[in-house]
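Letters A, B, ... mirror the listed sequences (proteins, then strands); counts begin at 1.
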Amino acid sequence: LIDSSFSHLLCDVGRWEEAKYESGVKWKFLEHKGPCFPPEFESLPDNVRFYYNGKVVKLSLASEEVALFFGQMLDHEYTTKAVFRENFFKDWRKEMSSEERLLIQDLNKCDFSELHAMHKAKVEARKNMSKEEKLTVEEYGFCLLDHHRERIGNFKIEPPGLFRGRGEHPKQGMLKKRIQPEHVIINCSSESKIPAPPPGHRWKEIRHDNTVTWLASWTENIQGSIKYIMLNANSKLKGEKDWEKYEVARRLKTCVDSIRRQYTQDFKSKQMGTRQRAVALYFIDKLALRAGNEKEEGETADTVGCCSLRVEHITVHPNLDASDFVVEFDFLGKDSIRYYNKVPVEKKVFKNVILFMENKNPSDELFDRLNTAVLNKHLSSLMDGLTAKVFRTFNASITLQEQLKKLSNKSDNPSEKLLSYNRANRAVAILCNHQRAPPKTFDQSMANLQAKIVARKEQLALAKTEFKQAKKENKAKGDAKIQTLVERKKKAVERCEEQVLKMEVQATDREENKQIALGTSKLNYLDPRISVAWCKNMDVPLDKIYNKSQRDKFAWAIDMTEADFVF
DNA sequence: CCTTTCACTTAGCAATCACAAT
DNA sequence: ATTGTGATTGCTAAGTGAAAGG
């Protein structure tokens with residue numbers, strides 16, 4: 001049965017025919033317009049030339065397009081990387097005519113600067129228009145799902161370009177090919193209007209699979225993986241899944257103590273596999289590490305999660321900085337973000353880690369008897385629906401709840417409350433290692449803010465003296481006019497004080513947030529009901545915490561949550 | 001059992017927008 | 001009106017984990 005709180009998502013006109021939710025059947029009716037294709041490439045104007053070895057070379061249409069991809073990226077660091085250049089040049093040559101291939105043998109002799117300049121000019125020109133976007137959204141951005149108009153998340157086919165992997169990706173610079181309708185599978189209801197392919201084209205396949213949520217899909221040529229067009233996060237389908245995810249995490253709360261007791265027991269198991277499983281689980285639980293599926297070597301950047309940790313990623317310290325049994329982690333995780341942490345662990349964990357490292361090379365797996373399938377199989381036997389990633393959700397949400405309780409007071413002023421919320425959010429982001437590159441203008445904007453604070457403080461000092469002056473005059477010959485002046489000056493002082501405080505809090509918040517990304521945890525790990533309840537308890541308007549799209553995404557939580565909600 | 005495929009969530013960066021300061 | 005900035009949105013890569021395939 002669907003929770004009644006979903007009603008506004010499921011039906012905004014009239015009543016339910018039937019208030020029942022058949023698990024497994026995702027939808028009954030799906031109609032859409034199909035994906036939006038990027039414009040075809042047209043050959044460059046004659047005044048935009050490509051030079052090889054100082055001489056103008058008129059390229060064929062296919063190789064010209066690829067050359068433009070490189071030219072567009074010229075001021076990006078990518079284009080200086082050896083792997084990127086090598087992959088690009090190899091793929092570019094595949095698109096060249098045989099004459100071109102004969103002539104163009106060295107990327108270093110290529111001059112894309114006119115292509116680059118044209119691209120920059122185009123970007124500039126687009127700034128001054130960009131209105132037709134709205135029409136596209138209206139036409140392609142929505143679909144009909146179970147007779148409700150729903151927003152589609154990504155309705156555009158990804159345009160061709162050069163693959164930009166993260167970190168040291170072995171395939172960076174490779175040509176990501178243009179997708180034609182002939183590559184695209186459409187999924188819709190058999191009784192719906194079938195989306196029309198672009199003129200002169202046909203779809204690869206029309207499918208009517210109501211057990212999946214995607215509207216269209218195609219296979220991408222770099223990794224051979226499937227790309228999907230799916231609904232926006234504010235849709236019923238995504239909202240329900242989100243709610244389910246947090247409900248599973250809340251169930252973990254009821255049995256996490258016994259699971260922790262069990263893996264602590266397992267630290268001394270006679271089975272090596274069991275010990276490894278226990279230690280891995282300890283790390284996943286304590287440090288919110290990702291599961292760490294195996295990856296195909298040479299296909300992706302070399303990154304790891306818990307189960308795929310290698311000996312070279314950890315260092316053991318019997319004691320370090322007044323702590324005993326410290327394990328030092330240093331590895332690249334998802335998106336090649338570095339995880340660096342020195343963690344005091346239980347003695348038994350420490351001894352086990354040393355044992356797992358014995359007689360191994362640095363490049364050997366730490367948990368050689370364990371993988372994510374084994375771990376998850378074990379976890380599902382402990383609790384229905386439990387997998388490694390649930391621990392991340394659970395620990396993130398429970399941390400937010402605890403931190404909010406610890407940090408915030410109802411008597412705080414609004415900006416202090418907000419700072420507390422952000423700090424609680426930050427504690428989670430640090431736990432989950434959600435980092436960002438410090439903004440390029442960070443130091444400058446920090447200095448600007450400090451200057452503003454100084455200026456405002458001076459203003460405050462001035463306001464204070466004026467206030468005193470007015471009071472003195474009032475004492476001397478207090479007429480009504482002076483009386484109002486005193487009031488006015490008093491107000492000015494208060495206003496200044498308030499503003500200084502607000503800016504100082506803002507400065508603190510920003511400084512602490514320099515390298516931390518709060519968005520990811522807010523969007524994916526924190527049960528929104530915790531935040532909604534906190535806002536109710538603290539009398540903080542919800543839009544201080546969630547912007548419009550976040551409020552839409554969490555509509556289900558906003559609707560169902562009362563102030564007494566506990567995760 | 002192990003590998004591959006598939007569907008979906010999670011992730012950081014880039015582009016764009018909105019709004020304030022000038 | 002212009003410009004600079006932080007906030008928001010868009011993009012798509014990179015994970016997880018179940019199911020299918022061999």
Side-chain angles (χ1 to χ4, degrees), chain A residues 26 38 73 76-78 123 126-127 130 133 137 141 151 153-159 161 163-167 169 171-172 176 185 187 209 211-214 217 219-220 222-233 237-238 241-242 244-245 284 289-296 299-301 303-308 332-337 371-377 379-380 385-393 396 429 432-437 439-442 444-446 448-449 452 506 510 513 515-525 546-550 552-553:
Chain A
K26 306 287 165 85
M73 295 179 75
H76 202 289
E77 200 208 332
Y78 271 118
V123 168
R126 197 161 44 215
K127 256 191 215 156
S130 72
E133 186 68 12
V137 174
R151 187 176 273 273
N154 58 325
F155 51 87
K156 287 177 178 165
I157 295 283
E158 291 174 17
F163 177 74
R164 301 152 83 142
R166 314 262 167 84
H169 202 295
K171 297 192 172 183
Q172 63 188 100
K176 191 171 122 171
I185 303 172
N187 192 28
D209 182 354
T211 69
V212 296
T213 68
W214 51 268
S217 73
T219 301
E220 147 275 333
I222 303 288
Q223 310 284 1
S225 65
I226 308 169
K227 299 273 190 159
Y228 301 94
I229 285 184
M230 288 186 189
L231 295 176
N232 188 282
L237 242 37
K238 296 282 188 191
K241 282 295 277 294
D242 213 29
E244 279 171 22
K245 174 180 80 183
I284 284 170
L289 300 188
R290 295 188 186 84
N293 284 315
E294 316 68 318
K295 311 166 68 185
E296 217 175 325
E299 294 291 302
T300 59
T303 62
V304 296
C306 185
C307 293
S308 50
L332 297 182
K334 184 178 180 181
D335 293 309
S336 293
I337 296 291
N371 61 40
T372 53
V374 170
L375 178 64
N376 281 333
K377 198 169 167 237
L379 290 175
S380 75
L386 186 61
T387 63
K389 82 195 267 277
V390 177
F391 281 88
R392 246 167 107 80
T393 312
C432 294
N433 200 40
H434 291 142
Q435 298 188 24
R436 62 166 184 174
K440 284 188 188 76
T441 56
F442 185 86
Q444 183 58 53
S445 78
M446 211 61 214
N448 290 350
L449 187 58
K452 264 165 95 178
Q506 197 185 1
R510 204 185 290 176
N513 223 33
Q515 303 198 60
I516 313 285
L518 299 185
T520 305
S521 50
K522 199 183 244 186
L523 235 48
N524 300 306
Y525 288 103
Y546 290 140
N547 66 33
K548 179 74 173 76
S549 55
Q550 290 164 341
D552 285 346
K553 168 170 171 156

As a test of reading the structure: which of dT12(C), dC8(B), dA11(B) is closest to the side chain of N524(A), going by heavy atoms?
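Closest of the options to the side chain of N524(A): dA11(B).
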
In whole angstroms, how far is the [atom2] atom of [N] from the [atom1] atom of [X]?
X: M230(A); N: dC8(B); atom1: CE; atom2: C1'; answer: 5 Å
X: E244(A); N: dA7(B); atom1: CD; atom2: P; answer: 18 Å
X: Q435(A); N: dC13(B); atom1: CD; atom2: C1'; answer: 14 Å
X: K522(A); N: dT10(B); atom1: NZ; atom2: C1'; answer: 17 Å
X: H76(A); N: dC13(B); atom1: NE2; atom2: P; answer: 10 Å
X: L289(A); N: dT10(B); atom1: CG; atom2: P; answer: 17 Å
X: I185(A); N: dA7(B); atom1: CD1; atom2: C1'; answer: 13 Å
X: L523(A); N: dT10(B); atom1: CG; atom2: P; answer: 9 Å

Looking at residues at least two apart in the chain, or sitting in another chain, which of them share a side chain to side chain donor-acceptor pair (under 3.5 Å) with [X]?
X: S549(A); result: N547(A)
X: Y546(A); result: S531(A)
X: Q172(A); result: none

Salt bridge (Lys or Arg N to Asp or Glu O under 4.0 Å) against K227(A), all qualifying residues, sequence neighbours excluded
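For K227(A) the salt bridge (Lys or Arg N to Asp or Glu O under 4.0 Å) partners, ignoring immediate neighbours, are E158(A).
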
Touch check for K245(A), heavy atoms < 4.0 angstrom, all strands: base, sugar-phosphate only, or nothing?
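Result for K245(A) = sugar-phosphate.
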
When we call it a touch if two heavy atoms are under 4.0 Å apart, what does T213(A) touch: a base, just sugar-phosphate, or nothing?
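Result for T213(A) = sugar-phosphate.
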
Parallel, tilted or perpendicular: rings of W214(A) and Y228(A) (30°, 60°)
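Ring orientation of Y228(A) relative to W214(A): tilted.
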
Nearest-nucleotide 5' precedence on DNA chain C, N154(A) against S549(A):
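By nearest-heavy-atom nucleotide position, the 5'-most residue is S549(A).
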
Looking at dA11(B), I'd like to know if its phosphate oxygens (OP1 or OP2) sit under 4.0 Å from a side-chain N or O belonging to Y525(A).
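Indeed, a polar side-chain atom of Y525(A) lies that close.
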
Polar contact flag, side-chain donor to acceptor under 3.5 angstrom, [X]-[Y]:
X: T393(A); Y: K245(A); result: no
X: N376(A); Y: T387(A); result: no
X: Y525(A); Y: R392(A); result: yes

By nearest nucleotide on DNA chain B, pick out whichever of S217(A) and K377(A) is the more 5' one.
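Nearest nucleotide further toward 5': that of K377(A).
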
If you pin W214(A) and A437(A) to their nearest nucleotides in DNA chain B, which one's is more 5'?
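Its nearest nucleotide lies further toward 5', so the answer is W214(A).
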
In Å and rounded to the nearest 0.5 Å, what is the NE2 to CG distance from H434(A) to D335(A)?
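So the NE2 of H434(A) and the CG of D335(A) are separated by 9.5 Å.
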
Could you write nucleotides 13-22 of chain C as a row of B, S and -, 5' to 3', where a protein heavy atom under 4.0 Å of any base atom gives B, of only sugar-phosphate atoms gives S, and otherwise -?
SBSBBS----

Ion pair present between D242(A) and K238(A), side-chain N to carboxylate O less than 4.0 angstrom?
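Salt bridge flag = no for K238(A) with D242(A).
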
Short N/O separations, protein against nucleotides 3-7 of chain C, under 3.5 angstrom:
| from | atom 1 | to | atom 2 | distance (Å) |
| --- | --- | --- | --- | --- |
| dG6(C) | OP1 | S445(A) | OG | 2.9 |
| dG6(C) | OP1 | R510(A) | NH1 | 3.4 |

